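All ligand and atom numbering here is 1-based and tracks the order in the structure. Everything numeric here is computed off the predicted structure, so don't read it as measured data.
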Amino acid sequence: MKKVITYGTFDLLHWGHINLLKRAKELGDYLIVGLSTDEFNEQKMKKSYHSYENRKLILESIRYVDEVIPEESWDQKVRDIQEHDVDIFVMGDDWEGHFDFLKDYCQVIYLPRTIGISTTKIKKDLMIK
Ligand code: C2G
């Protein structure tokens, strides 16, 4: 079984996230999502609208997602890859190059981001209207 992992905040889930999760799942048979906790979001200078528990509930409802684990720090990826026997690490290409050190442990793939949508854009557009 080919296992894929990706990480993110996935707040205000939108079709750009779904495109990423769909393509990530298509690379293997089992997709794990490392979901940023509310505390880790603070380290990423992000504030989620939805709590970790609710973002987890939403992600677990998506057909492409097989398992959701908490992302609590920048340096847990190697351990996650080893403990979950991951074959492929996937991120959107806004992260291009940032995780190349993981190539010692698994395949690293950066997928093109979906243009025209982001959680930040949603928040901004809602504020204007
Ligand atoms: N994404 C995308 N297209 C968009 C928006 C997001 O492909 N229009 C992708 C991002 O590239 C990322 C994933 O969706 O791979 C989740 O996006 P975020 O929740 O913004 O994740 P981020 O805050 O970048 O967290 O350790 C890694 C970090 O936790 C990544």
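- By the 6.0 Å contact criterion, NZ on K44 is enclosed, its count of non-hydrogen atoms from other residues, nucleotides or ligands being greater than 12.
- The G8 neighbourhood of ligand 1 comprises atoms 19 (O), 21 (O), 25 (O), 29 (O), 30 (C), with distances under 4.0 Å to a heavy atom of that residue.
- Proximity annotation for atom 24 (O) of ligand 1: of W15, F10, F40, W95, W95 comes nearest, heavy atoms only.
- Of all atoms in ligand 1, numbered sequentially from 1 with element shown, those under 4.0 Å from a heavy atom of Y7 are 26 (O), 27 (C), 30 (C).
- Using cut-offs of 30° and 60° on the angle between ring planes, the pair F40 and W74 is perpendicular.
- Within the structure, the closest approach of S118 to ligand 1 does not fall below 4.0 Å when heavy atoms are considered.
- Contact of the I18 side chain with the Y64 side chain is registered, since non-hydrogen atoms from C-beta on lie closer than 4.5 Å.
- Protein heavy atom in closest approach to atom 26 (O) of ligand 1: E71 OE2, 2.5 Å.
- Between D66 and K25, at least one side-chain N (NZ, or NE/NH1/NH2) sits under 4.0 Å from a carboxylate O, which counts as a salt bridge.
- A salt bridge does not link K3 with D85: none of the charged nitrogens is closer than 4.0 Å to a carboxylate oxygen.
- With Y49 as the aromatic partner, K123 does not meet the cation-pi criteria of under 6.0 angstrom to the ring centre and within 45 degrees of the ring axis.
- At a cut-off of 3.5 Å, with distance as the only test, a side-chain donor of N19 or T114 sits close to an acceptor on the other residue.
- Contact record, D75 with S73: OD1-OG, 2.8 Å, taken as the closest heavy-atom pair.
- Against a heavy-atom cut-off of under 4.0 Å, K77 is close to the following atoms of ligand 1: 26 (O), 27 (C).
- Partner L111 forms a side chain to side chain contact (heavy atoms under 4.5 Å, CB included) with one of E96, M91, R23 and no other, that one being R23.
- Atom 7 (O) of ligand 1 has as its closest protein heavy atom R113 CA, 3.6 Å.
- For atom 18 (P) of ligand 1, the closest non-hydrogen atom on the protein side is K46 NZ, 3.7 Å.
- Among protein heavy atoms, atom 11 (O) of ligand 1 sits closest to D94 OD1, 2.6 Å.
- For ligand 1, the atoms lying closer than 4.0 Å to a non-hydrogen atom of G92 are 11 (O), 15 (O).
- For ligand 1, the atoms sitting less than 4.0 Å from at least one non-hydrogen atom of S36 are 29 (O), numbered in the order shown with element in parentheses.
- In this pair, H14 and H17 present their aromatic rings parallel. The plane angle is below 30°, not in the 30 to 60° band.
- Ligand 1 places these atoms under 4.0 Å from at least one heavy atom of I117: 4 (C), 8 (N).
- Between T9 and ligand 1, an N or O atom pair is found at a separation short of 3.5 Å.
- Scanning the protein heavy atoms around atom 25 (O) of ligand 1, the nearest turns out to be K44 NZ, 2.9 Å.
- Of the listed options I115, L20, T114, L20 places a heavy atom closest to atom 9 (C) of ligand 1.
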